[in-house]
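A short worksheet on the structure shown next.
One-based numbering along the sequence shown.
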Amino acid sequence: MMARRKTNSSPVDKAALKYYLDIELSRRDFWYYCHVTAPDFYLNDREYLKVVCREMQSFDEDDTDVLILNLMPRGGKSRTAGKFVEWVFGKHRTAKVMTGSYNEILSTNFSTVVRDTISEQKTEKYRIVYSDIFPYTKIKRGDAAKNIWSLSESGTKNYIATSPTGTAIGFGTDYLIIDDIIKSAEEALNPAVLDKHWSWFTNTMYSRLEGRRKILIIMTQWATQDLAHRAFEHFTAIGLKVKQLCFNAQNEDGTMLDDRILPFKAFNALRKTLSTNIFEANYLNHAVDMIDALYGTFKTYKPEELPEVYDYVAAQTDTADEGGDFLCKIVGRRKGNFIYVVDILYTQERMEITEPKAAELAIKHKINYDRAESNNGGKGFARNVERLYREKGGTLTKFSWKATTANKEAKIRSHATGVNTVFIFPVDWAIRWASFYSAVALYSNTGKNEHDDAPDCLTEFYIAEFEKKKYGSVGGIRSV
């Protein structure tokens, strides 16, 4: 009887099988695409990168409008964003992508890596290059500048890289990708710079969205007024679907996110070497302006979460002590042990301008109790507001005023926990009332504060509502 001959697949056959399988899986799965094209970095046991890649793929395929990624330096956030653009062009050959970074050099480098990856030529039989995975996605000849180029099947520009000092005129985009828009802690602590970033993003970049209208923001969480924070609050408030992925260098259990990228010894050395705000912003996602902040993160509400049934409406006013101070008026709906802030007047305008505005707020919000500090002209202000209110036909509001003698700083600090607990702000309050927000969010627990008007007004509001004799009943719960 003839013996059966063993059949083993040759090494060439196995290599070919793996080659074609890797190509097919790379087309279907973004994580696998990254793993195949950069296996030295996208390791199978690098779990956080798997999460990032799969969330990016979901972002591309589902109805998520905005994806925000916060990840430590060297963690692969910019590299993965570039891979994502490559993969998007493979899946959508007529897609348009616009990327923005803090300067032209960085944005151009991002663009060049993507362009060169798509154009890479094959040199080894079983070494997979981009054209193996996506053979129909090609750079158009003669139209491949470093920061703006087209794909072969497109009748328009498919990619443009820009910055706040660059231009995006005449270019629409399906995908808007912002990568590392802040370059230093100095910028993060400069409100004027942060305002310019937001203005550039909303007025220049956001207006270019069309088609799929996808926004991907990748950056360190530097400050509470930076682009990542503002975008999350703003787009959530207007009803878009927003996701945020936040990875710290050190996990809550003390282990490292990935000790091959940043081992504990190096992490500890950085903690002892860098300034606290830079270290915590880069490696623990703590906004630099919150590290010494008196208040923690305030609770927020979306428009649909504002109670329509509540106890009453109250307002607190703190008039300006000196020429450089602010008049602050806070209006809130009291519901149980919480105050939902619905309006704020925070301004350095003259009394003849602010008094009519304050009276209009009392009418607009049907304020039941309108209180003011009587120090430094507060009593006269309150009386004039009441007079204007009556002239406009208002009858519901009860106006009152009282003097305060306590040390402001001591009073603000001793009531900070209570203030932080009871006040609930609109989810976009950092944008809606930017100056007021900054005055509260940046109020230092240990340092000298230039202005205390906003925290003082919040504190007096809290004391009047929760520590002093209550202002009586308004006849039960009211619905609007």
Side-chain angles (χ1 to χ4, degrees), residues 11-12 14-44 46 49-50 52-54 56-57 60 74-101 104-162 171 173-175 177 179-180 214 216 218 261:
V12 175
K14 289 180 179 179
L17 180 61
K18 185 178 185 307
Y19 172 77
Y20 290 113
L21 182 61
D22 283 348
I23 288 174
E24 183 59 34
L25 290 175
S26 296
R27 289 174 185 156
R28 298 182 185 184
D29 186 271
F30 177 52
W31 156 256
Y32 209 85
Y33 170 81
C34 294
H35 171 65
V36 165
T37 56
D40 57 328
F41 187 74
Y42 294 91
L43 303 169
N44 271 320
R46 197 159 268 168
L49 278 180
K50 286 185 178 180
V52 170
C53 289
R54 283 166 184 164
M56 283 189 175
Q57 180 167 347
D60 180 57
R74 319 312 302 169
K77 54 184 183 293
S78 295
R79 186 174 189 174
T80 306
K83 290 288 181 190
F84 179 69
V85 175
E86 297 164 13
W87 197 74
V88 162
F89 280 141
K91 304 292 286 186
H92 315 288
R93 294 196 298 276
T94 59
K96 291 183 285 184
V97 175
M98 182 185 294
T99 59
S101 302
E104 291 295 313
I105 295 174
L106 193 63
S107 61
T108 299
N109 285 344
F110 190 110
S111 168
T112 303
V113 169
V114 174
R115 183 200 63 181
D116 291 351
T117 297
I118 295 175
S119 302
E120 185 181 3
Q121 298 297 307
K122 195 171 186 66
T123 57
E124 300 173 30
K125 183 177 181 181
Y126 290 122
R127 181 180 173 275
I128 295 175
V129 297
Y130 186 87
S131 58
D132 292 326
I133 303 169
F134 299 114
Y136 301 108
T137 301
K138 298 177 182 178
I139 303 295
K140 183 179 289 186
R141 290 193 176 187
D143 193 3
K146 286 186 176 181
N147 64 345
I148 181 168
W149 39 266
S150 304
L151 297 175
S152 60
E153 293 189 12
S154 177
T156 185
K157 301 294 182 184
N158 294 90
Y159 187 99
I160 183 171
T162 187
F171 189 90
T173 187
D174 298 286
Y175 298 81
I177 300 175
D179 178 47
D180 279 340
K214 297 281 187 175
L216 174 60
I218 302 170
I261 295 175

**Study point:** side-chain hydrogen bond (donor to acceptor under 3.5 Å, both in side chains), paired with Y33, selected from R28, E86, K91
**Key:** E86

Practice item. Taking the side chain as every heavy atom from C-beta outward, state whether N44 and H35 have any pair of such atoms under 4.5 Å apart. Key: yes

Revision key, fill the gap. NZ of K122 to CG of D132, rounded to nearest 0.5 Å, is 3.5 Å

Review point. Is there a donor-acceptor pair under 3.5 Å between the side chain of W87 and the backbone N or O of W31?
Key: no

Check your understanding: Taking everything shown except R54 itself, do over 12 heavy atoms lie less than 6.0 Å from its CZ?
Key -> yes

**Study point:** Smallest separation among heavy atoms of T80 and C53, with atom names
**Key:** CG2-SG, 4.1 Å

Practice item. Please answer whether the main-chain N or O of F41 pairs with a side-chain N or O of R46 as donor and acceptor at a distance below 3.5 Å. Key: yes

Review point. Just how far is it from atom SG of C34 to atom CE of M56, taken to the nearest 0.5 Å?
Key: 8.5 Å

Review point. Nearest heavy-atom pair of Y19 and K125: which atoms, and what distance?
Key: CE1-O, 3.8 Å

Exercise for review: Measure the CD-OH distance between E24 and Y32 for me, rounded to the nearest 0.5 Å.
Suggested key: 11.5 Å

Check your understanding: Do you know the tightest heavy-atom contact between A95 and V88?
Key -> CB-CG1, 4.2 Å

Practice item. Mind listing the closest non-hydrogen atom pair of W149 and I118 along with its distance? Key: CH2-CD1, 4.1 Å

Revision key, fill the gap. Rounding to 0.5 Å, atoms CZ (F171) and CD1 (I148) come to a distance of 6.0 Å

Point to revise | Under the salt bridge (Lys or Arg N to Asp or Glu O under 4.0 Å) test, residues paired with D179 that sit two or more places apart | key: none

Practice item. Using only heavy-atom distances, determine whether the side chains of Y159 and T99 contain a donor-acceptor pair under 3.5 Å. Key: yes

Review point. Can T37 and K83 be said to form a side chain to side chain donor-acceptor pair (under 3.5 Å), step by step?
Key: CA-CA 9 Å; T37 56; K83 290 288 181 190; 3.0 Å; yes

Practice item. Would you mind reporting whether D60 and K214 have side-chain heavy atoms less than 4.5 Å apart? Key: no

**Study point:** Heavy-atom pair of closest approach, residues T108 and A161
**Key:** N-CB, 4.3 Å

Check your understanding: Within the distance-only criterion (no hydrogens, no angle test), does the side chain of T137 pair as donor or acceptor with the backbone N or O of F89 below 3.5 angstrom?
Key -> yes

Revision key, fill the gap. Tightest non-hydrogen contact, residues L151 and R93, listed as CD1-O, 3.3 Å

**Study point:** Donor-acceptor contact below 3.5 Å, side chain Y130 vs main chain G90
**Key:** yes

**Study point:** Distance (rounded to the nearest 0.5 Å) between K50 NZ and F30 CZ
**Key:** 14.5 Å

Point to revise | Non-hydrogen side-chain atoms of K77 and D180 separated by less than 4.5 Å | key: yes

Practice item. Rounded to the nearest 0.5 Å, what's the gap from OG on S101 to CD1 on I177? Could you check? Key: 10.0 Å

Point to revise | Test item: V113 and T117 side chains (from C-beta on) under 4.5 Å apart, heavy atoms | key: yes

Practice item. Would you confirm whether T173, through its side chain, and K96, through its main-chain N or O, come within 3.5 Å as a donor-acceptor pair? Key: yes

